[in-house]
Amino acid sequence: MFCFRKVCTIAGLIATSLAMPGAASAPASVPNFAPDDHTSWVPARAEGDEFIAPQSGPGPVMAEAGHPYVPNRRGQPTYRIADLSNPNLKPWVVEKLKAANDRVRAGQVPFLPHERCWPGGVPGWEVYTRVRPLYFIQTPKQVTMVDELNHEVRRIYLNVPHSANLKPSWYGESIGHYEGDELVVDTAGLNDIPPVDNYGTPHTDKIHVIERFRLTDGGKTLQATVTVDDPAAFNRPWTAVQRWKRGESRAFEEDACAENNYSFLNYDVVPIPEAKKADF
């Protein structure tokens, strides 16, 4: 195992300096997501790998009525069965979800991105893990988010425009800026591979995601309000919420996802992503 406490400390000092009166590069209300060398963020609910529906308006895919999702340690665990009556889904999305539902009803194990070494994508990042911590590193030009599970990393570039010609990728291009006490992240250039949630809800490479991160409850809770727009997959943009609670970090655990010799009890599984050529 290894620990990046020093990195967190430096990031906390940089973020604190941004919030000091007179700082030239950011307003005084910039949220500090890494205030010290031991702050991490873990999902605030047992169902932490599930979006929270908004109070009104179109929301994310949730569980079918009568078949609630129950995670481990909350009673008898269940696999997800998506609610196909969500009126915001295009017909082809409903068909994809029905196929996933049918596999679960037939006794098969559903696909989860993190179990097959798939990157979470956006907004799947928010519900990628149920228990593993999330870390922030804040500097004047970039915010880096690190999910301990599978060492997933996102980089948000601050106060710059999107690139002119985006090549679709797993995490796309995330551009951010601060608005008062919120970090606002605009992500475009996503590929159509990872689903937007753990129900397997698909999307196209036209997807556009806005995330608004802010601290609540006196800094004890981190909240993300997510807006997803993909006119080829959804009838209208939809909104969801995710919350993390402040935790105390330990030594950062190495948890690299890789091929192994598991038999998977003879279940058919989605292949682990494989690059056809090096990125460098």
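- His203 and Asp192 share no side-chain donor-acceptor pair at under 3.5 Å.
- For the atom pair CG (Leu89) and CG (Leu97), the distance works out to 6.5 Å, reported to the nearest 0.5 Å.
- At least one side-chain heavy atom of Trp41 sits less than 4.5 Å from a side-chain heavy atom of Leu215.
- Rounding to the nearest 0.5 angstrom, the gap separating the CD1 atom in Ile137 from the CZ atom in Phe33 is 14.0 Å.
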Per-pair distances, 0.1 Å, donor-acceptor, side chain in residues 61-68, under 3.5 Å, sequence neighbours excluded:
residue	atom	partner	partner atom	Å
Glu64	OE1	His67	ND1	2.8
Glu64	OE1	Arg105	NH2	3.1
Glu64	OE2	Arg105	NH2	2.9

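- When every heavy atom of Asn86 is checked against every heavy atom of Pro60, the shortest pair comes out as ND2-O, 3.6 Å.
- Residues Asn191 and Ile193 share a closest heavy-atom pair of OD1-N, 3.1 Å.
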- Message: What verdict does the side-chain contact (heavy atoms from CB on, under 4.5 Å) test give for Leu158 and Lys141, after you've listed the backbone C-alpha separation in whole Å, the side-chain angles of each residue and the deciding distance to 0.1 Å?
- Response: CA-CA 5 Å; Leu158 299 176; Lys141 294 184 178 180; 5.6 Å; no
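- Heavy-atom minimum distance, Val160 versus Ile175: O-CG2, 2.7 Å.
- At a cut-off of 3.5 Å, with distance as the only test, no side-chain donor of Ser174 or Arg155 sits close to an acceptor on the other residue.
- Ring to ring, Trp118 and Phe111 are close: their centroids are under 6.0 angstrom apart.
- Ion pair Lys167/Glu173 not flagged as a salt bridge, since none of the NZ, NE, NH1 or NH2 atoms sits closer than 4.0 Å to an Asp/Glu carboxylate oxygen.
- Judged by distance alone, with hydrogens and angles left aside, the side-chain atoms of Tyr171 form no donor-acceptor pair with the main-chain N or O of Pro119 at under 3.5 Å.
- A salt bridge does not link Asp217 with Arg243: none of the charged nitrogens is closer than 4.0 Å to a carboxylate oxygen.
- A pairwise comparison of heavy atoms in Ala232 and Thr204 identifies CB-CG2, 3.6 Å as the closest pair.
- Side-chain contact between Arg246 and Thr221: absent, with no pair of heavy atoms (C-beta onward) separated by less than 4.5 Å.
- Judged by distance alone, the side chain of Asn88 and the main-chain N or O of Pro237 form no donor-acceptor pair under 3.5 Å.
- Contact annotation: the side chain of Val209 never approaches that of Thr227 to less than 4.5 Å [non-hydrogen atoms, C-beta and beyond].
- Atom OH in Tyr135 sits 11.5 Å away from atom NE2 in His38 (nearest 0.5 Å).
- When side chains are defined from C-beta on, Pro195 counts as touching Pro113, because their heavy atoms get closer than 4.5 Å.
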- Message: Between Leu222 and Phe136, does the side-chain contact (heavy atoms from CB on, under 4.5 Å) criterion hold? Intermediate values first, please.
- Response: CA-CA 11 Å; Leu222 169 65; Phe136 282 80; 3.5 Å; yes
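- In this structure, Val127 and Gln242 have side chains that are in contact, with non-hydrogen atoms separated by less than 4.5 Å.
- Following chains of ILVMFWY side-chain contacts shorter than 4.5 Å, one cannot reach Val109 starting from Leu112, and the two form parts of different hydrophobic clusters.
- Counting only distance, with no hydrogens or angles, the side chain of Ser163 and the backbone of Leu166 share no donor-acceptor pair below 3.5 Å.
- Taken to the nearest 0.5 Å, the OG atom of Ser40 stands 10.5 Å off from the NZ atom of Lys245.
- Taking the side chain as every heavy atom from C-beta outward, Glu211 and Thr225 never approach each other to under 4.5 Å.
- Taking a cutoff of 4.0 Å between a charged side-chain nitrogen and a carboxylate oxygen, Asp230 and Lys206 do not qualify as a salt bridge.
- In the hydrophobic clustering of this structure, Ile81 groups with Tyr79; members are Ile, Leu, Val, Met, Phe, Trp, Tyr whose side-chain heavy atoms approach within less than 4.5 Å, directly or through other members.
- At a threshold of 4.5 Å between non-hydrogen side-chain atoms, the residues Lys96 and Trp92 count as touching.
- At least one donor-acceptor pair closer than 3.5 Å links the side chain of Asp36 to the backbone N or O of Thr39.
- The minimum heavy-atom distance between Leu149 and Tyr128, with the atom names listed, is O-CE2, 3.8 Å.
- Within the 3.5 Å criterion, the main-chain N or O of Ala82 finds a donor-acceptor partner in the side chain of Asn101.
- How far CZ of Arg212 is from CG of Asp186: 11.0 Å, rounded to the nearest 0.5 Å.
- Under 3.5 Å, the side chains of His114 and Asn198 contain no donor-acceptor pair of N or O atoms.
- For the pair His208 and Thr187, the minimum side-chain heavy-atom distance is 4.5 Å or more.
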- Message: Between Val196 and Ile207, is the side-chain contact (heavy atoms from CB on, under 4.5 Å) condition met? List the steps.
- Response: CA-CA 10 Å; Val196 300; Ile207 190 171; 3.9 Å; yes
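- There is no path of hydrophobic side-chain contacts, each under 4.5 Å, that joins Val42 to Met145.
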Could you list the donor-acceptor pairs under 3.5 angstrom formed by side chains in residues 48-59, with sequence neighbours left out?
residue	atom	partner	partner atom	Å
Asp49	OD1	Tyr69	OH	3.1
Asp49	OD1	Arg80	NH2	3.0
Asp49	OD2	Tyr69	OH	3.1
Asp49	OD2	Arg80	NH2	3.2
Glu50	OE1	Arg80	NE	3.0
Glu50	OE1	Arg80	NH2	3.3
Glu50	OE2	Tyr199	OH	2.6

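- Arg130 pairs by the salt bridge (charged side-chain N to carboxylate O under 4.0 Å, His left out) definition with nothing, not counting sequence neighbours.
- Around the NZ atom of Lys90, the shell of radius 6.0 Å holds more than 12 heavy atoms that belong to other residues, nucleotides or ligands.
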- Task: Determine, step by step, whether Val146 and Leu134 satisfy the side-chain contact (heavy atoms from CB on, under 4.5 Å) criterion, reporting the C-alpha distance in whole Å, the side-chain angles of both residues, the deciding distance to 0.1 Å, and the verdict.
- Result: CA-CA 6 Å; Val146 183; Leu134 172 68; 5.9 Å; no
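- In summary, the side chains of Thr78 and Gln76 do not present any donor paired with an acceptor at a separation below 3.5 Å, with no hydrogens or angles considered.
- Summarising the geometry of Pro202 relative to Phe234, their closest heavy-atom pair is O-CZ, 3.8 Å, with the distance given to 0.1 Å.
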